[in-house]
Enquirer: 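There's a structure below that I have some questions on.
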Amino acid sequence: QVHLVECGGGSVQSGGSLRLSCAASEYTTSIYRMGWFRQAPGKGREVFAAIYPGTGRTYYSDSAKGRFTISHDNAKRTMFLQMNDLKPEDTAMYYCAAKRDSDYRIWSSDSAYNDWGQGTQVTVSS
């Protein structure tokens, strides 16, 4: 099991930026897949970005493409999410997730992850 702890959430105005961090209990290159989810009040959980630390390959949903950047620092055992041009609709609880062992699941599926952080709140005001 990979232990994950997020930080970096907060309140910003529309157009602002935030950088979320997800500290892992092991080196990120030993983890097959890592991702960022979010859940807005009254809505379902949405996975919107993923990274395969071993290869560096990244994937984004349409809602995240162009504004969000996922990355990792193996030495710091940390995954990051740089969020720019934030909008009120980005308001949600943000979670990082991981899957240590390789599989054939698609990055955008909930079942592609089995370890989760506790979440960090992001609030964007207009």
Side-chain angles (χ1 to χ4, degrees):
Q1 184 178 7
V2 181
H3 183 59
L4 302 166
V5 178
E6 303 97 334
C7 66
S11 296
V12 296
Q13 291 192 325
S14 184
S17 298
L18 280 174
R19 190 192 197 203
L20 305 184
S21 299
C22 172
S25 57
E26 52 193 87
Y27 289 108
T28 51
T29 52
S30 70
I31 302 169
Y32 176 64
R33 179 191 299 114
M34 301 184 76
W36 285 99
F37 285 70
R38 65 185 180 184
Q39 186 165 20
K43 295 189 176 181
R45 188 169 60 188
E46 170 198 11
V47 55
F48 59 89
I51 188 167
Y52 289 75
T55 64
R57 186 164 288 187
T58 59
Y59 296 88
Y60 299 92
S61 68
D62 287 343
S63 63
K65 214 171 288 184
R67 297 189 300 128
F68 295 176
T69 303
I70 189 172
S71 63
H72 78 104
D73 185 324
N74 184 55
K76 295 181 179 178
R77 304 187 186 192
T78 302
M79 176 178 65
F80 301 99
L81 181 71
Q82 178 67 43
M83 303 188 292
N84 298 326
D85 190 25
L86 283 162
K87 307 176 188 301
E89 52 264 40
D90 293 317
T91 295
M93 184 70 79
Y94 284 67
Y95 302 88
C96 65
K99 175 69 162 55
R100 180 195 282 120
D101 300 323
S102 63
D103 59 32
Y104 292 99
R105 292 183 170 89
I106 190 169
W107 70 271
S108 53
S109 167
D110 268 22
S111 63
Y113 308 87
N114 54 15
D115 297 308
W116 299 83
Q118 83 290 349
T120 186
Q121 178 68 38
V122 171
T123 303
V124 184
S125 58
S126 56

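Keep in mind that this is a model prediction, so the values were computed, not measured.
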Enquirer: Using every non-hydrogen atom in the two residues, find where L20 and Y94 come nearest and quote the distance to one decimal.
Expert: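 Between these two residues, the closest heavy atoms are CD1-CB, 3.7 Å.
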Enquirer: For I31 and P53, which heavy atoms make the closest approach, and how far apart are they?
Expert: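 So the two residues come closest at O-CD, 3.4 Å.
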Enquirer: Would you call D90-K87 a salt bridge at under 4.0 Å N-O?
Expert: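 A salt bridge is absent here (no side-chain N lies under 4.0 Å from a carboxylate O).
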Enquirer: Does V124 offer a backbone N or O that forms a donor-acceptor pair with the side chain of T91 under 3.5 Å?
Expert: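 Indeed, once roles are kept as given, a pair shorter than 3.5 Å links the two residues.
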Enquirer: Can you tell me how far apart CZ (R19) and SG (C7) are? Round to the nearest 0.5 Å.
Expert: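 Result: 10.0 Å between the selected atoms.
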Enquirer: Evaluate side-chain contact (heavy atoms from CB on, under 4.5 Å) for Y32 paired with T55, printing each intermediate quantity in order.
Expert: CA-CA 9 Å; Y32 176 64; T55 64; over 6 Å; no
Enquirer: For the atom pair OG1 (T28) and CD1 (I51), what is the distance rounded to the nearest 0.5 Å?
Expert: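 Interatomic distance, T28 OG1 to I51 CD1, rounded to 0.5 Å: 8.0 Å.
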Enquirer: Distance check, rounded to the nearest 0.5 Å: R67 atom CZ versus M83 atom CE?
Expert: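 The CE atom of M83 is 9.0 Å from CZ of R67, to the nearest 0.5 Å.
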Enquirer: Atom CD in Q13, atom OG in S125: separation rounded to 0.5 Å?
Expert: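 Atom-to-atom, Q13:CD and S125:OG are 5.0 Å apart.
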Enquirer: Test V47 against every option in W107, Y95, W36 by the side-chain contact (heavy atoms from CB on, under 4.5 Å) rule and name the one that passes.
Expert: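 Going through the options one by one, the only one that passes is W107.
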Enquirer: Cation-pi check, R33 to Y52: give yes when NZ or CZ is under 6.0 Å from the six-membered ring centre and within 45° of the ring axis, no otherwise.
Expert: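 Geometry flag: not set, cation outside 6.0 Å or 45°.
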Enquirer: Do you know which two heavy atoms are closest between G119 and E6, and how far apart they sit?
Expert: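 Shortest heavy-atom contact: N-OE1, 2.8 Å.
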Enquirer: Taking it one step at a time, do M34 and V2 satisfy side-chain contact (heavy atoms from CB on, under 4.5 Å)?
Expert: CA-CA 10 Å; M34 301 184 76; V2 181; 5.9 Å; no
Enquirer: Show the nearest heavy-atom pair for residues R105 and D103, with the distance to one decimal.
Expert: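 Smallest heavy-atom distance, with atoms named: N-OD1, 3.0 Å.
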Enquirer: Looking at every heavy atom in both S21 and T78, which two are closest together, and how far apart are they?
Expert: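 Taking S21 first and T78 second, the nearest heavy atoms are CB-CG2, 4.0 Å.
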Enquirer: Is the number of heavy atoms from other residues, nucleotides or ligands under 6.0 Å of R45 CZ greater than 12?
Expert: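 Enclosed: over 12 neighbouring heavy atoms sit under 6.0 Å from CZ of R45.
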Enquirer: With rounding to the nearest 0.5 angstrom, report the OG to CG distance, S14 to D85.
Expert: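 Between atom OG of S14 and atom CG of D85 there are 7.0 Å.
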Enquirer: May I ask whether M93 and L86 are part of the same hydrophobic cluster, defined by side-chain heavy atoms of I, L, V, M, F, W, Y residues being less than 4.5 angstrom apart, directly or through others?
Expert: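 Result: no, two separate clusters.
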Enquirer: Under 6.0 Å between the ring centres of F48 and Y60?
Expert: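 No, too far apart.
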Enquirer: Would you say the side-chain atoms of Q39 pair up with the backbone N or O of A92, donor to acceptor, closer than 3.5 Å?
Expert: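 Judged by distance alone, no pair lies under 3.5 Å.
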Enquirer: Might you point out which heavy atoms bring F80 and D73 nearest each other, and give the distance in Å?
Expert: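 Closest approach of F80 to D73: CE1-CB, 3.7 Å.
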Enquirer: Within a strict 4.5 Å, meaning less than it, do heavy atoms of the E46 and S63 side chains meet?
Expert: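 In short, these two side chains touch, coming nearer than 4.5 Å.
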Enquirer: Between W116 and F37, is the gap from one ring center to the other below 6.0 Å?
Expert: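 Between W116 and F37, the centre distance is under 6.0 Å.
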Enquirer: Examine distances only and state if a side-chain atom of Q118 and a backbone atom of V5 form a donor-acceptor pair shorter than 3.5 Å.
Expert: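 No: the side chain of Q118 does not pair with the backbone of V5.
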Enquirer: After noting the C-alpha distance and the side-chain angles of H3 and D115, does the key distance pass the side-chain contact (heavy atoms from CB on, under 4.5 Å) rule?
Expert: CA-CA 7 Å; H3 183 59; D115 297 308; over 6 Å; no
Enquirer: Are any of the side-chain heavy atoms of S71 and Q82 separated by less than 4.5 Å?
Expert: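 The answer is no; the side chains never approach within 4.5 Å.
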Enquirer: How long is the span from the CZ atom in R100 to the CD atom in Q1, to the nearest 0.5 Å?
Expert: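 Separation between the atoms: 8.5 Å.
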Enquirer: For the pair S109 (side chain) and I106 (backbone), establish whether a donor and an acceptor sit closer than 3.5 Å, ignoring hydrogens and angles.
Expert: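 No; zero donor-acceptor contacts below 3.5 Å.
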